[in-house]
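Single-structure report; data block below.
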Amino acid sequence: MADNTETVAQTEKQSVEQTDKQPRSVRVVLFALMIAMLLAMLDNMIVGTAMPTIVGELGGLEHLSWVVTAYTLATAASTPIWGKLGDMYGRKGAFMTSIVLFLIGSALSGMAQDMGQLIGFRAIQGLGAGGLMVGVMAIIGDLIPPRERGKYQGMMAGVMAFAMILGPLVGGTITDHWGWRWSFYINLPLGVVALIAVSVVLHLPKKRVDAKIDYLGAGLLALGISSIVLVTTWGGSEYAWGSARIMELIGIGVAALVGFVFWQTKAAAPVVPLHIFKSRNFTLMSIIGFITGFVMFGAVLFLPLYQQSVQGASATNSGLLLLPMLGAMLAVSMVAGRVTTNSGRYKIFPLVGSVLMIAGLFLLAQMDTETTRLTSGLYMAVLGAGMGCLMQITMLVAQNSVEMKDMGVASSSTTLFRTLGSSFGVAIMGALFNHRVQDVMAERAGAIGSKVTEQSAQLDAASLAKLPTVAREAYQHAVSSGTHSAFLLGSVVAVVALVAAVFVKEVPLKGAGPAAPEPADDVSAKEAVAETV
């Protein structure tokens with residue numbers, strides 16, 4: 001046991017020494033990681049803009065939603081599996097495999113001849129995308145100590161803001177000038193650059209674990225996650241919330257996840273080792289990440305809709321409408337990262353971020369048909385500042401709460417909780433929004449109002465312009481009322497993040513300089529080594 005313990009310690013020491021020897025190469029690797037992160041975040045936004053053109057050429061309007069759903073399902077279901085594969089067999093190999101799979105899916109999607117092929121190829125692309133974000137976060141966790149990692153938060157937040165602002169604009173430009181197929185082909189040169197840089201410059205210790213992959217656990221988890229995503233995607237749109245299909249999916253999802261948790265206590269190499277949840281900070285960061293995803297993607301969905309329908313903004317540059325929120329998020333994230341790096345302290349950011357998130361959502365809930373763009377922009381900036389305190393700190397603290405051997409599953413679990421939060425946020429806030437819009441339209445415009453929104457509560461600019469004046473004004477009030485309800489719900493849900501932040505224990509970040517004390521709320525290093533051996 002002593003020999004094995006010394007071997008593990010020597011391996012970790014060699015890993016640190018190897019990392020310290022490659023400061024210049026780290027910058028190149030980080031550049032490649034940012035490209036991969038951009039690919040994962042930009043894809044859906046570019047493709048979403050191209051969808052009308054794609055349907056016009058391929059047909060299959062009735063299967064349109066599956067182009068996005070197939071990608072989302074594959075991404076969510078594969079995320080935890082990629083994290084575990086990186087822990088078991090080495091992060092570099094797993095990450096490069098996910099890039100290759102994503103590029104294959106992109107190339108095939110661009111060559112699709114009908115909607116069925118496109119849906120299948122998008123699923124392949126989604127499988128690769130599941131490993132991109134996890135790989136980026138886990139590799140950064142390997143290369144950079146937590147104490148220094150805060151400096152790179154601004155880069156990650158910047159990529160996210162860049163994707164959200166320019167995604168629709170880039171998608172429209174590519175579709176108009178090159179054709180919709182290039183909305184997929186554009187991934188290829190960027191992906192190849194990232195692949196070459198990672199292959200040549202990234203040097204991480206090779207791993208090999210004798211334990212077999214937990215196929216049963218992976219299958220149960222994928223089934224459970226897929227059921228949840230389908231419930232949140234189909235509920236209230238494709239099927240009524242109380243329909244037999246939705247109830248079946250809920251039953252399958254609950255049964256699969258209960259079976260998964262039970263099996264993880266028995267498996268030799270569990271996909272998600274349950275001992276990571278013994279860390280109070282890790283569990284709390286998972287909760288905060290879920291709430292952040294819930295709030296953020298709800299805001300991204302409803303703010304442009306409100307600005308276009310009520311404030312008369314152009315839909316062409318819809319990403320720019322979110323600039324106050326994303327700009328504040330980027331600026332605050334950079335400040336938070338710098339302060340965390342210099343001081344090693346971070347608890348203040350979940351606390352302040354949760355308070356600002358609640359305040360921002362409550363302010364956005366006060367918007368009506370008379371609210372100016374300046375006022376709504378200030379409200380968005382408050383929300384963005386709150387999310388800037390939370391977006392990367394959750395990953396940083398979660399990674400700091402586990403041993404290096406669990407870095408992959410910690411990164412994938414945190415990413416998964418945020419993804420599931422976004423699914424629930426879009427579904428629940430969307431259902432509330434739609435219900436409120438239809439009620440107000442019926443009240444203000446009678447039968448005409450009900451007919452206008454019977455197919456969808458979200459009208460595009462062209463449809464809105466064709467409405468009679470009475471119906472158009474009624475719709476503006478309806479959208480204002482719907483966003484009020486959605487953001488008010490978001491502010492209530494965000495209180496959970498504040499409660500979780502209160503209980504976060506500020507464990508000193510590991511990193512360069514004086515050795516930080518072992519986390520008091522974690523399984524100790526010796527226990528972790530004993531478990532590994």
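- To the nearest 0.5 angstrom, L132 atom CG is 11.5 Å from M137 atom CE.
- In this structure the side chain of T394 reaches within 4.5 angstrom of the side chain of R418, judged on heavy atoms.
- When all heavy atoms of L416 and A76 are compared, the pair lying nearest together is CD1-O, 3.6 Å.
- To the nearest 0.5 angstrom, Q399 atom CD is 7.0 Å from L396 atom CG.
- Contact between N400 and Y346 at its shortest, heavy atoms only, is ND2-OH, 4.5 Å.
- Within the structure, salt bridge (Lys or Arg N to Asp or Glu O under 4.0 Å) pairs that include any residue of residues 389-398 do not occur (at least two apart or interchain).
- For S412 (side chain) and V409 (main-chain N/O), a donor-acceptor pair under 3.5 Å exists by modelled atom type.
- Under the side chain to side chain donor-acceptor pair (under 3.5 Å) criterion, no residue pair touches residues 108-117, with sequence neighbours excluded.
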Exercise. Using the side-chain contact (heavy atoms from CB on, under 4.5 Å) rule, take M96 and L195 through it: C-alpha gap first, then chi angles, then the decisive distance, then the call.
Key: CA-CA 6 Å; M96 291 179 65; L195 199 61; 4.0 Å; yes
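- Listed by chain and residue number, nothing satisfies the side-chain hydrogen bond (donor to acceptor under 3.5 Å, both in side chains) test with T75 (two or more places apart in sequence, or in another chain).
- Considering all non-hydrogen atoms of both residues, A410 and V402 come closest at CB-CG2, 3.6 Å.
- For W182, the side-chain hydrogen bond (donor to acceptor under 3.5 Å, both in side chains) test picks out no residue, with sequence neighbours left out.
- Contact record, A40 with M133: CB-CG, 4.0 Å, taken as the closest heavy-atom pair.
- In this structure, D142 CG and R91 CZ are separated by 4.0 Å, a value rounded to the nearest 0.5 Å.
- Using a distance-only test at 3.5 Å, with no hydrogens or angles considered, a donor-acceptor pair links the side chain of R181 to the main chain of A112.
- Considering CG of L330 and CE of M391, their distance stands at 12.0 Å, rounded to 0.5 Å.
- When atom types are taken as modelled, the side chain of S98 and the backbone of F95 share a donor-acceptor pair closer than 3.5 angstrom.
- Qualifying ring pair (Phe, Tyr, Trp, His ring centres under 6.0 Å) partners for Y239, counting only residues two or more places apart in sequence or in other chains: W234.
- Within the 4.5 Å cutoff, the side chain of L432 has no heavy atoms near those of the I428 side chain.
- At least one donor-acceptor pair closer than 3.5 Å links the side chain of Q264 to the backbone N or O of V271.
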Would you list the atom pairs, donor with acceptor, under 3.5 Å between side chains in residues 221-230 and any protein atom, with sequence neighbours excluded?
residue: S226; atom: OG; partner: A222; partner atom: O; Å: 2.7
residue: S227; atom: OG; partner: L223; partner atom: O; Å: 2.9

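- With K505 contributing its side chain and R280 its backbone, the two residues share no donor-acceptor pair below 3.5 Å.
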Kindly list each side-chain donor-acceptor pair under 3.5 angstrom involving residues 286-301, sequence neighbours excluded, with atom names and distances?
residue: S286; atom: OG; partner: F282; partner atom: O; Å: 3.0
residue: T292; atom: OG1; partner: I288; partner atom: O; Å: 2.8

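- Within the structure, salt bridge (Lys or Arg N to Asp or Glu O under 4.0 Å) pairs that include any residue of residues 255-269 do not occur (at least two apart or interchain).
- One distance of note links OG of S279 with CG of L284; it measures 8.0 Å at 0.5 Å rounding.
- Residue pairs satisfying the side chain to side chain donor-acceptor pair (under 3.5 Å) criterion with at least one member in residues 119-131, sequence neighbours excluded, are listed as follows: D43-R122, D43-Q125, N44-R122, S106-Q125, R122-Q125.
- The minimum heavy-atom distance linking T340 with A336 is given by the pair OG1-O, 2.7 Å.
- Listed for the W82 side chain is a donor-acceptor partner under 3.5 Å among the backbone atoms of L127.
- Applying the salt bridge (Lys or Arg N to Asp or Glu O under 4.0 Å) rule to pairs touching residues 242-251 yields R245-E248, sequence neighbours excluded.
- Side-chain contact between M395 and T415 is present, with heavy atoms from C-beta onward closer than 4.5 Å.
- Between D406 and H275 there is a side-chain heavy-atom pair separated by less than 4.5 Å.
- The shortest side-chain heavy-atom distance between L30 and L33 falls under the 4.5 Å cut-off.
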Pair up each side-chain donor or acceptor in residues 251-263 with any protein partner under 3.5 Å, not counting sequence neighbours, and list the distances.
residue: W263; atom: NE1; partner: D214; partner atom: OD1; Å: 2.7
residue: W263; atom: NE1; partner: D214; partner atom: OD2; Å: 3.4

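- Residue pairs satisfying the salt bridge (Lys or Arg N to Asp or Glu O under 4.0 Å) criterion with at least one member in residues 103-112, sequence neighbours excluded, are absent.
- Listed here is the closest heavy atom pair of D87 and G408: OD1-N, 2.8 Å.
- Taking CD1 from I139 and OG from S411, the interatomic distance works out to 10.0 Å, rounded to the nearest 0.5 Å.
- Around atom CH2 of W178, no more than 12 heavy atoms belonging to other residues, nucleotides or ligands sit under 6.0 Å away.
- Under the 4.5 Å side-chain criterion, counting only non-hydrogen atoms from C-beta, I104 is not in contact with F121.
- Aromatic ring orientation, F102 versus Y71: perpendicular (interplanar angle above 60°, classes split at 30° and 60°).
- When side chains are defined from C-beta on, T72 does not count as touching T233, because their heavy atoms never get closer than 4.5 Å.
- The shortest side-chain heavy-atom distance between T414 and M285 does not fall under the 4.5 Å cut-off.
- A donor-acceptor pair is defined here as one N or O able to donate and one able to accept, closer than 3.5 Å; such a pair exists between the side chain of K84 and the backbone of P270.
- At most 12 non-hydrogen atoms from other residues, nucleotides or ligands lie less than 6.0 angstrom from CZ of F503.
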